[in-house]
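Residue indices begin at 1 and follow the sequence shown. Everything quoted here is computed from the prediction, not taken from an experiment.
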Amino acid sequence: MRLADGMRGVGGAGRRACAAAAAVLLLAASAEPGRSAAIFSPTDAALRGASTIDFDSLEAGRKRRYVFEDEGVVFRAKKGRLAISPATFGGVYGGSGMELSTLFVGPPYRFNIRFRRPVDAFAMSWGAANPDWIVKARDATGKVIAKTIFAGSDGPHAGLVSYYGLAAEGIASVSLRSLGGQDWVKIDDFSFARRQYAPEGATESAVSAPSAVPLPGALPLLIGALGGLALRRRR
């Protein structure tokens with residue numbers, strides 16, 4: 001929520017739908033073919049077997065970093081402090097239990113998430129944001145491998161929790177920044193998964209991301225079709 005003007009305007013649902021469509025287009029233009037996708041549901045196949053951080057085991061407080069040793073996940077504010085607080089603190093936006101918020105994060109109103117071991121998908125409940133936020137996923141070398149938009153809302157729909165995430169192979173860190181200046185957001189039920197492309201029973205070492213166009217398998221079919229066309233022309 002933007003602190004200066006709170007919820008304002010109308011048409012939040014329309015803005016969110018447009019932003020979601022823009023997010024899909026942004027992904028298509030900025031990520032490797034066949035290796036990234038936006039996530040809008042906790043039942044997305046990319047999150048199969050995911051681990052979840054619900055923040056409920058933490059006491060209320062403010063820190064620059066929150067480190068989850070067992071999960072190998074670090075949440076960090078660029079400036080200011082992240083906060084752990086009850087879902088009712090600062091207004092109810094659809095969450096439950098304890099949540100992590102950026103209420104005390106200063107400009108440039110951003111925070112980062114790091115994975116000590118790269119993941120292939122992450123997602124979270126997302127609420128209270130007014131402007132849109134730009135989200136960039138990077139690999140272990142710092143290269144941006146996918147971008148998307150987490151849509152906000154200037155209308156009353158800012159009070160509803162959305163569900164956003166990204167699937168891309170080898171995500172080592174994520175940066176999230178407000179595109180509308182001063183703003184804050186609350187997140188809950190942060191989930192992440194590794195090797196979401198693995199078939200049942202496959203070992204991790206045997207898994208690789210799918211190719212956008214499986215040419216080796218398609219090539220014989222193409223040759224056969226061209227051959228059939230040539231025979232018809234001869235007749």
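Using a 4.5 Å heavy-atom cutoff, the side chains of Leu179 and Ile149 are in contact. In this structure, Phe75 and Val67 have side chains that are not in contact, with every pair of non-hydrogen atoms separated by 4.5 Å or more. Looking at heavy atoms from C-beta onward, Ser191 lies out of side-chain contact with Met124 at the 4.5 angstrom threshold. When side chains are defined from C-beta on, Glu71 counts as touching Ile53, because their heavy atoms get closer than 4.5 Å. Between Phe111 and Arg76, every side-chain heavy-atom pair lies at or beyond the 4.5 Å cut-off. Residues Arg117 and Arg194 meet the side-chain proximity criterion, which asks for heavy atoms closer than 4.5 Å. Ile113 is not listed as a side-chain neighbour of Phe192, based on a closest heavy-atom distance of 4.5 Å or more. Residues Asp183 and Pro131 are in side-chain contact: their nearest non-hydrogen atoms beyond the backbone lie under 4.5 Å apart.
In this structure, OG on Ser173 lies 5.0 Å from CZ on Arg114, to the nearest 0.5 angstrom. Atom CE in Met98 sits 7.0 Å away from atom CD1 in Ile84 (nearest 0.5 Å). Separating the OG atom in Ser85 from the CG atom in Leu100 is a distance of 8.0 Å, to the nearest 0.5 Å. With rounding to the nearest 0.5 angstrom, the OG atom of Ser36 is 7.5 Å from the CG atom of Leu166. Distance check, rounded to the nearest 0.5 Å: CG of Asp44 to CD1 of Ile39 gives 4.5 Å. For the atom pair CD (Glu99) and CZ (Phe89), the distance works out to 11.5 Å, reported to the nearest 0.5 Å.
By the 30° and 60° cut-offs, the orientation of the rings of Phe115 relative to Phe122 is tilted. Between Phe150 and Trp126, the ring planes lie perpendicular to each other; the angle is over 60°, past the 30° to 60° tilted range.
There is a path of hydrophobic side-chain contacts, each under 4.5 Å, that joins Val185 to Phe40. Connection of Ile187 to Phe68 is established within a shared hydrophobic cluster, with ILVMFWY side chains joined at heavy-atom distances below 4.5 Å, either directly or through further cluster members. Both Leu58 and Val105 sit in one connected hydrophobic cluster of ILVMFWY residues. Membership requires side-chain heavy atoms under 4.5 Å apart, directly or through other members.
Taking the ring axis of Phe104 as reference, the NZ or CZ atom of Arg81 does not stay both within 45° of it and closer than 6.0 Å to the ring centre.
Judged by distance alone, the side chains of Arg110 and Ser178 never bring a donor and an acceptor atom under 3.5 Å apart.
Using a distance-only test at 3.5 Å, with no hydrogens or angles considered, no donor-acceptor pair links the side chain of Lys63 to the main chain of Leu82. A distance-only check finds no donor-acceptor pair linking the side chain of Asp189 to the backbone of Asp54 [under 3.5 Å]. Although no hydrogens or angles enter the test, the distance criterion places no donor-acceptor pair under 3.5 Å between the side chain of Arg177 and the main chain of Lys136.
Pairing each heavy atom of Gly152 with each of Asp132, the nearest pair is N-OD1, 2.9 Å. Shown here for Lys186 and Pro86, the closest heavy-atom pair between the two residues is NZ-O, 4.2 Å. Taking both residues in full, the closest heavy atoms of Ser96 and Asp188 are given as O-OD2, 3.0 Å, listed atom of the first, atom of the second, then distance. Taking every heavy atom of both residues into account, Leu47 and Ala123 meet most closely at CD1-CB, 3.9 Å. Pairing each heavy atom of Ala168 with each of Ile145, the nearest pair is CB-CD1, 4.2 Å. In terms of heavy-atom proximity, Ser125 sits nearest to Val161 at CB-CG1, 3.4 Å.
Of the charged side-chain nitrogens involved, at least one lies within less than 4.0 Å of a carboxylate oxygen, so that Glu69 and Arg116 count as a salt-bridged pair.
Counting non-hydrogen atoms of neighbouring residues, nucleotides and ligands closer than 6.0 angstrom, the CZ atom of Arg65 reaches no more than 12 such neighbours.
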Given Asn130 and Trp184, is the side chain to side chain donor-acceptor pair (under 3.5 Å) satisfied, shown in steps? CA-CA 8 Å; Asn130 285 115; Trp184 64 283; over 6 Å; no

Please determine whether side-chain contact (heavy atoms from CB on, under 4.5 Å) holds for the pair Trp133 and Thr148, giving the CA-CA distance in whole Å, both sets of side-chain angles, and the decisive distance to 0.1 Å. CA-CA 9 Å; Trp133 286 56; Thr148 191; over 6 Å; no

Can you check ring-ring contact (aromatic ring centres under 6.0 Å, His included) on Phe190 and Phe55, steps first, answer last? CA-CA 9 Å; Phe190 180 84; Phe55 307 106; 7.5 Å; no

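Exactly one of Val119, Val135, Asn112 qualifies for a side chain to side chain contact (heavy atoms under 4.5 Å, CB included) with Val174. That residue is Val135.
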